[in-house]
Student: 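Next up is a structure, given as structure tokens.
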Amino acid sequence: MTNKRTPGYWLMKSEPDTFSIDDLLKAKNQTSPWDGVRNYQARNYIRDEMKIGDLAFFYHSSCKVPGIVGLVEIVKSAYPDHTALEPKSPYYDPKSSAQNPRWYMVDVKFKQKYDEPLSLEVLKMNPKLKGFKLLNRGNRLSILPVSLQEWKTIQAMI
DNA sequence: GCCAACGTTGGC
DNA sequence: GCCAACGTTGGC
């Protein structure tokens, strides 16, 4: 018997100069590994909590208009991020090894690109999103959980 | 490009 | 285990 599980909700940040939602759109099967996460808390979310079928907002950071630009689905759960083992990769980490991988990634599949990005500026104005991790002062997590309430609130703003 | 906030590193 | 120094993130 299959145990149907409530999907988890996430927000995943990427700098569009490095990997944008359009890059994901153009990827084979509109699917791509989400590599390069090098933060332990984000790694733990990926490795321990992200499951196939979970949904995530795709967020563009460090760009002209930071904000949520679309929606993706987790289609492969955590496996070792091999870029950590490649000396030429910008994500190389000499302390990681194939025997004892330090970093993990998931595969994400494109679901939707919004007609208009939902900007950080607009998100900040919604009082219902008080407490949303993205809006916390000094927040630097590149992968963060979104509660069902937050998810619904944000969906209603699109 | 600036800089506040935060995470990581390493000496002790 | 503390904490100063350093590196990175990311909005502005």
Side-chain angles (χ1 to χ4, degrees), chain A residues 8-27 32-50 54-74 77-108 110-147 149-158:
Chain A
Y9 300 107
W10 305 94
L11 181 141
M12 303 172 82
K13 290 185 196 171
S14 182
E15 299 188 17
D17 288 346
T18 304
F19 187 75
S20 72
I21 191 147
D22 291 318
D23 293 328
L24 181 59
L25 248 172
K26 284 180 272 181
S32 170
W34 196 273
D35 60 15
V37 171
R38 296 291 179 271
N39 167 284
Y40 288 105
Q41 204 177 341
R43 189 275 315 266
N44 292 347
Y45 283 136
I46 285 178
R47 188 190 57 188
D48 306 333
E49 297 188 42
M50 270 190 172
D54 282 2
L55 298 173
F57 291 124
F58 196 123
Y59 180 91
H60 281 175
S61 66
S62 292
C63 56
K64 202 166 181 184
V65 182
I68 294 169
V69 293
L71 188 61
V72 301
E73 180 179 349
I74 311 304
S77 55
Y79 61 106
D81 182 344
H82 55 80
T83 63
L85 307 179
E86 295 162 6
K88 285 181 192 158
S89 168
Y91 303 126
Y92 179 59
D93 179 358
K95 290 173 185 164
S96 192
S97 68
Q99 294 74 30
N100 190 16
R102 174 177 292 211
W103 305 111
Y104 287 80
M105 59 191 180
V106 294
D107 285 358
V108 300
F110 174 85
K111 291 275 286 183
Q112 198 180 348
K113 179 183 174 180
Y114 303 135
D115 295 335
E116 293 291 331
L118 182 52
S119 71
L120 177 63
E121 189 185 5
V122 169
L123 287 167
K124 279 180 180 168
M125 292 188 312
N126 191 329
K128 286 185 187 169
L129 292 178
K130 212 177 171 190
F132 182 34
K133 278 189 167 62
L134 178 73
L135 308 181
N136 283 358
R137 204 170 69 117
N139 160 64
R140 292 170 52 184
L141 263 184
S142 59
I143 306 277
L144 49 96
V146 179
S147 74
Q149 278 311 313
E150 289 160 351
W151 185 266
K152 285 180 176 169
T153 298
I154 295 166
Q155 287 286 4
M157 296 171 74
I158 291 156

Student: What are the atom names and distances for every N/O pair under 3.5 Å that joins the protein to nucleotides 1-6 of chain C?
Tutor:
none

Student: Among B:dG10, C:dG10, B:dG7, which nucleotide sits nearest the side chain of A:Lys95?
Tutor: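 So the nucleotide nearest the side chain must be B:dG10.
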
Student: Expressed in angstrom and rounded to an integer, what is the separation of A:Arg137 atom CZ from C:dG10 atom P?
Tutor: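 The answer, rounded to whole Å, is 16 Å.
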
Student: Of A:Phe58, A:Tyr79, A:Trp10, which meets ring-ring contact (aromatic ring centres under 6.0 Å, His included) against A:Trp34?
Tutor: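 The residue from A:Phe58, A:Tyr79, A:Trp10 that satisfies ring-ring contact (aromatic ring centres under 6.0 Å, His included) with A:Trp34 turns out to be A:Phe58.
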
Student: Taking atom C1' of B:dG7 as reference, at what distance in whole Å does atom CG of A:Asn139 sit?
Tutor: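 So the CG-C1' distance, A:Asn139 to B:dG7, works out to 13 Å.
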
Student: Provide, to the nearest angstrom, the distance between the CG atom belonging to A:Leu135 and the C1' atom belonging to C:dC12.
Tutor: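 My rounded result for the distance is 16 Å.
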
Student: What is the distance from atom CD1 of A:Ile68 to atom OG of A:Ser119, rounded to the nearest 0.5 Å?
Tutor: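 Result: 9.5 Å between the selected atoms.
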
Student: Looking only at side-chain N and O atoms, does A:Thr83 offer a donor or acceptor that is under 3.5 Å from a partner on A:Arg38?
Tutor: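 Side chains of A:Arg38 and A:Thr83: pair found under 3.5 Å.
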
Student: Measure from OH on A:Tyr59 to P on C:dG11 and round the result to the nearest Å.
Tutor: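 Checked: the OH to P distance equals 4 Å.
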
Student: I'd like to know if A:Lys113 pairs up with A:Asp22 as an ion pair, taking the criterion as any Lys NZ or Arg NE/NH1/NH2 lying under 4.0 Å from an Asp or Glu carboxylate oxygen.
Tutor: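 Salt bridge flag = yes for A:Asp22 with A:Lys113.
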
Student: Among the nucleotides B:dG7, C:dG10, C:dG11, which one has an atom lying closest to any side-chain atom of A:Leu120?
Tutor: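 So the nucleotide nearest the side chain must be C:dG11.
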
Student: Between atom CG in A:Leu134 and atom C1' in C:dG10, what is the gap in whole Å?
Tutor: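 Going from A:Leu134 (CG) to C:dG10 (C1'), I get 11 Å.
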
Student: Does the pair A:Arg102/A:Asp81 count as a salt bridge with the N-to-O cut at 4.0 Å?
Tutor: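 Answer for the salt bridge query: no.
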
Student: If I take atom NZ in residue A:Lys133 and atom C1' in nucleotide C:dG11, what distance separates them, rounded to the nearest angstrom?
Tutor: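 My rounded result for the distance is 20 Å.
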
Student: Between A:Trp151 and A:Phe57, is the ring centre distance below 6.0 Å?
Tutor: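 Centroid distance A:Trp151-A:Phe57: below 6.0 Å, so yes.
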
Student: Could you state the CG-P distance from A:Asn44 to B:dT8, rounded to the nearest angstrom?
Tutor: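 It works out to 10 Å between those atoms.
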
Student: Taking CD from A:Glu15 and C1' from C:dG11, how many angstroms apart are they, rounded to a whole number?
Tutor: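 Atom-to-atom, A:Glu15 to C:dG11, this comes out as 12 Å.
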
